[in-house]
Amino acid sequence: MKNEIIELENNRESTPPVIVKSFISQADDLAEEHEQFNANYIVGGRLALYDLLAKIFALYQQLNSAADKKKLISNMKHKLVHSYKIRVQSNSSDAGVLVRYITRADRKTAHVYARVIESAVINQISVEQFKDFVQECGGVENMRSLGVDPATKAKQEELEQFKYDLGWRYCLAREELPFAVFESPMDFSKRKDVFFEYYACIKREGMRYVIANIPADPAFNDRAVQLIGNQLGDLENAEELVSKLYNKSIEIRKERIEKEMPELAKILEARKCEERKVQ
């Protein structure tokens, strides 16, 4: 009996080293996995981003020297709005428009990438020097702060951009879910670089009377969307409410296209399937 007790005690003493060794082994495996992740995704991904930005930078230089530069920028803005429902503000830089057109990135990301390209231009960096320049500056995120105004102003600009995007999504949603619909006896001309039409109305006894069509330009369009966004931004849970409205409008738009333009619906569905395969 005594020997059996001793054997049991010895077994207990021998167990912890096995557990410790197993734990350390797992930790070593995870350390190696982290090293591979860092090399393949973080470092590799960062370098891949620099390669892409270098190509965009080279294309931007072509854009700057193009004789029809204004027309090219106008075409990109038009396609962003009408094909991708992405609105570019009238005061966006040329680099910002090109970056947004190529990446379809959100406004904040596109702004950062455009700033990197603009910094390279200011410092007279060549395409060959571009990647080294970005690395020497501490990377894309660090370059984001170059030449930026104080933090308070940056936060204000970010808030204004958020409200503008909110207003833009709201207006797109209302295209499918309007407050009211009326048929006009007149066909007012509208500029191709302005997405919405604007009317001046007079309210009387619950009725709205259209008295004029406002000949809007891109600056007016941006100002109108910004005012709508500012009003929405003051509401509680505005982002959530607009997102729900926008998602609902997408469903209604899909149903409308299927009914009114079945051939187009098939093309759009096929395109979505192809995009899923690529992802």
Side-chain angles (χ1 to χ4, degrees), residues 45-46 49-50 52-53 55-57 59-60 63 70 72-122 134 139-175 193-196 216-235 237-247 249-250 275:
R46 186 166 61 241
L49 174 61
Y50 296 168
L52 174 63
L53 290 179
K55 291 174 183 177
I56 297 176
F57 177 59
L59 195 61
Y60 175 71
L63 176 66
K70 287 186 177 180
L72 291 171
I73 292 172
S74 177
N75 287 344
M76 285 189 287
K77 285 183 175 181
H78 184 271
K79 191 170 181 180
L80 277 168
V81 170
H82 295 279
S83 297
Y84 303 103
K85 304 297 184 184
I86 297 174
R87 178 69 190 176
V88 179
Q89 289 182 275
S90 57
N91 61 349
S92 295
S93 66
D94 296 344
V97 173
L98 180 62
V99 167
R100 200 83 188 272
Y101 182 80
I102 292 172
T103 65
R104 316 282 196 261
D106 60 84
R107 188 185 303 276
K108 189 175 180 181
T109 302
H111 178 72
V112 173
Y113 292 171
R115 183 174 293 280
V116 173
I117 290 170
E118 289 162 354
S119 297
V121 172
I122 292 170
V134 175
V140 170
E141 284 301 320
N142 190 56
M143 291 181 71
R144 177 183 179 183
S145 62
L146 296 177
V148 177
D149 293 331
T152 52
K153 186 175 181 181
K155 286 183 179 179
Q156 182 61 34
E157 288 177 354
E158 190 173 332
L159 179 60
E160 287 179 3
Q161 289 173 358
F162 164 76
K163 288 183 177 180
Y164 180 90
D165 289 338
L166 201 64
W168 176 249
R169 285 169 64 85
Y170 177 81
C171 289
L172 289 179
R174 283 297 176 195
E175 182 182 0
D193 54 356
V194 175
F195 195 76
F196 304 108
D217 57 14
F220 184 97
N221 195 111
D222 287 345
R223 177 60 178 156
V225 173
Q226 187 70 64
L227 287 172
I228 293 170
N230 290 345
Q231 186 179 40
L232 291 169
D234 293 333
L235 300 175
N237 300 326
E239 186 174 14
E240 181 183 351
L241 294 172
V242 171
S243 292
K244 287 181 179 179
L245 186 70
Y246 183 76
N247 292 335
S249 73
I250 291 175
E275 289 175 355

* Do other residues, nucleotides or ligands put more than 12 heavy atoms under 6.0 Å from Q161 CD? -> yes
* Is I102 close to L59 at the side-chain level, that is, under 4.5 Å between some pair of heavy atoms? -> yes
* Take atom CD of Q231 as the centre, draw a 6.0 Å sphere, and report whether it contains more than 12 heavy atoms from other residues, nucleotides or ligands. => no
* For residues F196 and W168, establish whether the separation of their ring centroids is below 6.0 Å. => yes
* Asked: For the atom pair CG (L232) and CZ (F162), what is the distance rounded to the nearest 0.5 Å?
  -> 9.5 Å
* Say whether, by atom type as modelled, one donor and one acceptor occur between the side chain of T103 and the main chain of V99 under 3.5 angstrom. => yes
* Rounded to the nearest 0.5 Å, how far apart are OG1 of T109 and NE2 of H111? -> 11.0 Å
* Would you say the side-chain atoms of E118 and S93 include a donor-acceptor pair closer than 3.5 Å? -> yes
* Structure fact -> Nearest heavy-atom contact between P218 and D193 is CG-OD2, 3.3 Å
* Asked: Which atom names give the shortest non-hydrogen contact between A95 and A114, and what distance separates them?
  -> C-CB, 4.0 Å
* Listed by chain and number, what are the salt bridge (Lys or Arg N to Asp or Glu O under 4.0 Å) partners of K163, not counting sequence neighbours? -> D234
* Start with the C-alpha distance between L72 and L63, add both sets of side-chain angles, then the distance that settles side-chain contact (heavy atoms from CB on, under 4.5 Å), and finish with yes or no. => CA-CA 8 Å; L72 291 171; L63 176 66; 4.0 Å; yes
* Tell me, with the steps shown, if V112 and V140 meet side-chain contact (heavy atoms from CB on, under 4.5 Å). => CA-CA 7 Å; V112 173; V140 170; 3.4 Å; yes
* Asked: Any donor and acceptor pair, going by atom type alone, linking the side chain of Q226 with main-chain N or O of E160 inside 3.5 Å?
  -> yes
* Any side-chain heavy-atom pair of S249 and L172 under 4.5 Å -> no
* To do: Name all residues meeting the ring pair (Phe, Tyr, Trp, His ring centres under 6.0 Å) criterion together with H82; count only those two or more places apart in sequence or in a different chain, and write none if there are none.
  => H78, F195
* Asked: Side chains of L98 and M76: closer than 4.5 Å at any heavy-atom pair?
  -> yes
* Under 3.5 Å donor-acceptor, S243 side chain and E239 backbone -> yes
* Asked: Who passes salt bridge (Lys or Arg N to Asp or Glu O under 4.0 Å) against R107, sequence neighbours left out?
  -> D165
* To do: Pick out which of V116, V121, V134 makes a side chain to side chain contact (heavy atoms under 4.5 Å, CB included) with F57.
  => V121
* Using the salt bridge (charged side-chain N to carboxylate O under 4.0 Å, His left out) rule, collect all pairs that involve residues 81-92, keeping only residues at least two apart or in two chains. => R87-D222
* **Candidate pair I228 and C171, rule side-chain contact (heavy atoms from CB on, under 4.5 Å), full reasoning** => CA-CA 9 Å; I228 293 170; C171 289; 3.6 Å; yes
* Got a sec, which residues hit side-chain contact (heavy atoms from CB on, under 4.5 Å) with R174, two or more places apart in sequence or on another chain? -> Y170, L177, F179, L245
* To do: Could you please spell out the steps behind the side-chain contact (heavy atoms from CB on, under 4.5 Å) verdict for Y113 and I56?
  => CA-CA 10 Å; Y113 292 171; I56 297 176; 5.8 Å; no
* Asked: Can you list the residues that meet the salt bridge (Lys or Arg N to Asp or Glu O under 4.0 Å) rule with D217, with sequence neighbours excluded?
  -> none
* Measure the spacing between CG of L159 and CG of N230 and express it to the nearest 0.5 Å. => 8.0 Å
* To do: Return the minimal non-hydrogen interatomic distance between G229 and L166, and the atom names on each side.
  => O-CD2, 4.4 Å
